[in-house]
Structures are given as structure tokens and as C-alpha cells.
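Reviewing the structure listed below.
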There are 2 protein chains.
Amino acid sequence: MEKKAKQRRKQILKAAFQAAIEKGYESVTLQDIANYADVSKGVTNYYFKNKSDVFTQLFEWLTTRIHEKEAASISEHETAVKKLEAYLNCVFSSPEENKNFYRVYLDFLAQVKNNDSYKEINLKFYENCWSIGRDIIHQGLKEGIFEVDDVEQTSISIRCMIDGSLIQWLMRDDDQLHEYYRTNCFESILKILQYKK
Amino acid sequence: MEKKAKQRRKQILKAAFQAAIEKGYESVTLQDIANYADVSKGVTNYYFKNKSDVFTQLFEWLTTRIHEKEAASISEHETAVKKLEAYLNCVFSSPEENKNFYRVYLDFLAQVKNNDSYKEINLKFYENCWSIGRDIIHQGLKEGIFEVDDVEQTSISIRCMIDGSLIQWLMRDDDQLHEYYRTNCFESILKILQYKK
DNA sequence: CATTTTATACTGACCGGTCAATTTATTTTG
DNA sequence: CAAAATAAATTGACCGGTCAGTATAAAATG
């Protein structure tokens, strides 16, 4: 009963995500969500307060899932450079998966200014990102391979570099450049960390 | 005659910009544009093919204007570091002006995936940005203060850093952080350029 | 059979674009 | 140069269509 409801909710969230990928956030209708979820139109309003409630929960779900994935991947490695590499391999997963997540994420970002819930969710996501950055920096400092004045500031810079790279790659919309932007991002971050072998 | 038409078009573009600042790209209606321009609803369709034509021209106008401003500001300085500083002072002008332009710009970016004209306009904008980066790098190399392997790649990284910083600042929506993100961006770029006094 | 869940039909609000009518500007003409 | 004719610009009512949300009916569940 309760379990089935949870399942339905996830099914609808996934449908909303798929619809957003293919139609773009703003033009997704309740009918689209129903179609992608293979249910009738009324169902969405039965399980969610309204459309914006669906998207708020979708945004939260997506950012949480991404962070968990990244954190898990990083914890599998020991050295700072390996961790950073794992981080970027998550962020730049595959061109397809990447495009899907990041296009929708960008749609959400564009809405942050009109929606305080989105703002809050994104801030939480940022904090998670910065935390990953900090961990990598601390590890590198312990290894004596990074030279960093201000850990907080540098972890912010890392995320700036990542977001900027992803957006630029996305806007150029060329799968071939995916690898290029990943390594470029990697090398630039190493310079920001003043990495020396 | 022809001049008056041009004036009207600009008036409508400005109104559309103002409407987008305050209401967000997607929710701007023809009526909004008319209200902000202080004309009646039919006027926009008289001077533009349709609504999307208005926004395409607005996007082009905004990005061109920004680049001209930046290029002009940079050419006023001689040394690489001064040029970079001038560049970032343009990019991070004032919190208010910044927010207005960049919020609307972000709206456009989110639409790029659905609109090839936007994609093309943004690519042109990127090329202008990279060109500014290249100029600064070449100047710094001539001065012997930067250490850069690949000029192209580095100019791309500079723009990544700038876009990432602006977006993160925008999302945190705290005017006090404006200065912080500017200097952080500046220092990170200097590290990417491996600047040494 | 009562409660929960799903399907369908409906409503009212809103929006982009059109267009006939009107106003304003420009040109022609006697 | 003034009146008439023409062209350009502006207005706002209106139409077709879409969509979120609701109401109601039907079906499934237990």
C-alpha cells in the first residue's frame, strides 16, 4: 500500500525527468508526465500536490542521487589525484547520460530565481560539492602534493571550473568534445591546486 | 522613417529584456512586452515576426553588447594582468547589472537545446570570449609572466572559470559575495595561467 | 461493499497571433 | 499652401488552442 504509493511517486518522477529531457522543463505538461508514466492524467495530481511539487521533488531527487554517486565513487580511491579523477569521471560520465542530467539541471538553475525551494535545494547540492572538493584538497595537502592557501575558497573554485566546463561543453553540443572538456577541466583544477609531482 | 522603426524595435527589445528580468524568460507574454514598452499589444507583431523573433534578436543584441563593452575595456590597458583585471571588472560589473544580464543569459542558455538560433548566437559569443582570453594570454607570454602550454585550451578554461563563478554567485544570490567571487575567479585564473611575478 | 486508486470529461484561465478599425504622418494635387 | 488622398503606425477586441486543476465516474482492492 504505502510501498506501492512510493513506487508510483518514483515512477512519476522518472516520467517527469524523461519528459523534461525530451521536451524541456517549461513545456512539460501534466499530460506528458502521464504519458511517460503510462498512467492517466489524474494520477499525478493524486500523488502530488501539483505540478511544481513534482518538479521540486524531482530536483531534490536528482541532486541527491548525483551527490551520492560521486561520494561513493571518490571513497573508492585513496590518493588525492585518483579521487579527483574519479570525481571528474562521475561528473563527466558519458556524453548521453551527462547531457540528460545537465540539461535538466540547467533548466532548474534558470528557475532558481523564481523559486526559493529550488534555491535551497541547489544550495544543499553546492554544499555537497564543496565538501567533496575539500576532502580532495585535504588529502592532497596530507600527501604534500597540493599548495593551497584557503581550502574553502579553492573548493569553490573547483566547482566553478566543473560547472563552467559542463555548461560550455553542453552548449557546444558536440559529443566528441566530452573527453576534451573532462581532461581540460582536470588539468585546470590541478593548476588551481598548484599540483606538483 | 526607417530610423523611427529602428528606435521602436530597440524600445521593444529593451521592454522584452526588462520583462525577462522581472518575470523570467518563459513567462513573458506579448502583453508584458507591450506594457513595458508602453504600447499596445499589436505593436510587437508589427515590428517582429513573432515572439521568438523578439527573443532571438534580444539574445544577439545582449551578447554583442557585452562583448563590445569587454573588448573596449580591455584595450584600455597594456599589461596582461591589468587586462585580465579589466575583463573581470566588466564581467563582474555591479551586483545589480550583473544579476540582470546573467539571469536572462542563463534563461537563454537553458533554451539553447531547443533552439538552433540560440545555439549559434551563443557560440559566436563564446568565440568572442575565447578571443579575449587568447589576447590576454599572448600578452602575458610576451611579458614572460605566464606559463601556458596550449593557448586555445587555456582560453577555454578561463571562460569556464568565469561562467562557473558567475553562475555559482548568482545561485547563492547574495550581493555581498559579488566581490568575493570576482577576486576568487581572478586568483584562480592566475593559477591556471601559472602566473609568477 | 467500502475504500483506494485510476480514467475520463470538463472548466476556466491564459496566451499567441490576427485583423478590422482608427489614428497619425506623408504625399499629392489643384 | 490648404485640402484631399494615400500610406504607415497603432490599437484592442477577438479567436483558436492549450493547459492545470477539478469533478465525477469507473475499476480495482482487500
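These figures come from a predicted structure and were not determined experimentally. Below, chains carry the letters A, B, ... as their sequence lines are ordered, and counting in each starts from 1.
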Practice problem: Indicate yes or no for a side-chain donor-acceptor contact from A:Lys83 to the backbone of A:His77 under 3.5 Å, with no hydrogens or angles considered. | Solution: yes
Exercise. Please determine if a side-chain N or O atom of B:Tyr46 lies less than 4.0 Å away from the OP1 or OP2 oxygen of D:dT10.
Key: no
Quiz item: What is the per-nucleotide protein-contact pattern of nucleotides 10-22 of chain C, from the 5' end, where B denotes a base atom under 4.0 Å from a protein heavy atom, S denotes such proximity for sugar-phosphate atoms only, and - denotes neither?
Solution: -----SBBB----
Self-check item: Flag, side chain of A:Ser73 to backbone of A:Lys69, donor-acceptor distance under 3.5 Å
Solution: no
Exercise. For residues 19-45 of chain A, pull every pair meeting ring-ring contact (aromatic ring centres under 6.0 Å, His included), keeping only residues two or more places apart or in separate chains.
Key: A:Tyr25-A:Phe55, A:Tyr25-A:Phe108
Quiz prompt | DNA chain C contacts among residues 10-20 of chain A, heavy-atom distance under 4.0 Å | solution = none
Exercise. Verify the distance criterion only: is there a donor paired with an acceptor across the side chains of A:Tyr46 and A:Arg8 at less than 3.5 Å?
Key: no
Quiz prompt | Integer-rounded Å distance: C:dT6 P and A:Phe48 CZ | solution = 12 Å
Exercise. Rounded to the nearest angstrom, tell me the gap between atom NZ in A:Lys6 and atom P in C:dT5.
Key: 15 Å
Quiz prompt | Under 3.5 Å donor-acceptor, B:Arg159 side chain and B:Tyr126 backbone | solution = no
Quiz item: Roughly how far, to the nearest 0.5 Å, is OG1 of B:Thr63 from OH of B:Tyr105?
Solution: 8.0 Å
Self-check item: Phosphate-side-chain proximity, B:Tyr47 and D:dT10, N/O vs OP1/OP2 below 4.0 Å
Solution: yes
Self-check item: A:His178-A:Phe92 aromatic ring centre distance below 6.0 Å
Solution: yes
Practice problem: For B:Val43, answer base if it contacts any base atom (sugar-phosphate contacts may also be present), sugar-phosphate if it contacts only those atoms, and nothing otherwise; contact means non-hydrogen atoms under 4.0 Å. | Solution: base
Quiz item: Can you tell me if B:Gln111 uses its side chain to pair, donor with acceptor, with the backbone of B:Tyr118 under 3.5 Å?
Solution: no
